[in-house]
Amino acid sequence: MPLADIHSRINNACQKVGRSPQEVKLIAVSKMQPDTRVEMALNEGQRIFGENKVQEAQGKWPGFKARFEGVELHLIGPLQSNKIKPALDLFDAIHTLDREKLARKLASEVQARGFCPELFIQVNTGEEPQKAGVSPSEVDHFIKQCLGLDLKINGLMCIPPVDEEPSLHFALLAKMAKRNGLKGLSMGMSSDFESAIALGATHIRVGSAIFGERVKAG
Ligand SMILES: *Cc1c(COP(=O)(O)O)cnc(C)c1O
């Protein structure tokens, strides 16, 4: 679907609930997409992209960044603590902060560099054992731990269970962010970004609706 169509869907969703489209950042999720499609989006003016693997992004983005001004990269997949350095070299935002060990190592690297990416804490709102993220009962405590480490937390992120109504999870995430004074809400994907916008999403992560089905392994 052309980017212009995605933007008009975002505009409509915002209008319905009286929000400004400027409050909603569209992250084009380019993982496992062929370079030609990514380049097409860049040529259409898209500058904010999401990747879920550090290594895949390392292979793909330095080249694009050299050719296109103003690219902003968001890490939306799990971060291993031994990948913090390359992640900070490449990414402007990390959506998947989800454990104390990672927070501690990230904090010391951030101190050393004097630069902190935009940070989101991933919450496992469905409490699914196979999924990353802090459990809802631990969120408040984990936010305090991060703040205690001098990490600036922008907001919360979730990936709802595939077989449940996403709105319930978006509403829960919004409630947890609000009671902790956090403004950022990274929620909503191709199939549900309109309802995420209705519930306050500030960052939507849209892949297949923009690029089509993912094709490349990796
Ligand atoms: C792949 C991915 C997306 C994009 O999914 P689509 O359904 O293709 O829009 C969004 N968020 C995360 C965390 C992802 O891994």
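Counting starts at 1 for both ligands and their atoms, in listed order.
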Exercise for review: Flag the pair Leu42 / Val71 as yes when at least one side-chain heavy-atom distance between them is below 4.5 Å, and no otherwise.
Suggested key: yes
Exercise for review: With side-chain contact (heavy atoms from CB on, under 4.5 Å) as the test, would you mind laying out the steps for Glu72 and Phe49 before giving the verdict?
Suggested key: CA-CA 6 Å; Glu72 185 180 307; Phe49 292 87; over 6 Å; no
Check your understanding: Measuring from each atom of ligand 1, which residues have a heavy atom under 4.0 Å away?
Key -> Val29, Lys31, Ile76, Met157, Ile159, Met189, Ser190, Arg205, Val206, Gly207, Ser208, Arg214
Review point. Centroid-to-centroid, His203 to Phe120, below 6.0 Å?
Key: yes
Study note, to complete from the structure: Partner of Ile197 under side-chain contact (heavy atoms from CB on, under 4.5 Å), picked from Asn12, Thr202, Val24, is Val24
Listing, residues 158-166 side-chain donor-acceptor contacts under 3.5 Å, not counting sequence neighbours, or none:
residue : atom : partner : partner atom : Å
Glu164  : OE1  : His169  : NE2          : 2.7
Glu165  : OE2  : Ser167  : N            : 3.3
Glu165  : OE2  : Ser167  : OG           : 2.8

Review point. Is it true that Lys60 and Asp35 have a side-chain N and a carboxylate O under 4.0 angstrom from each other?
Key: no
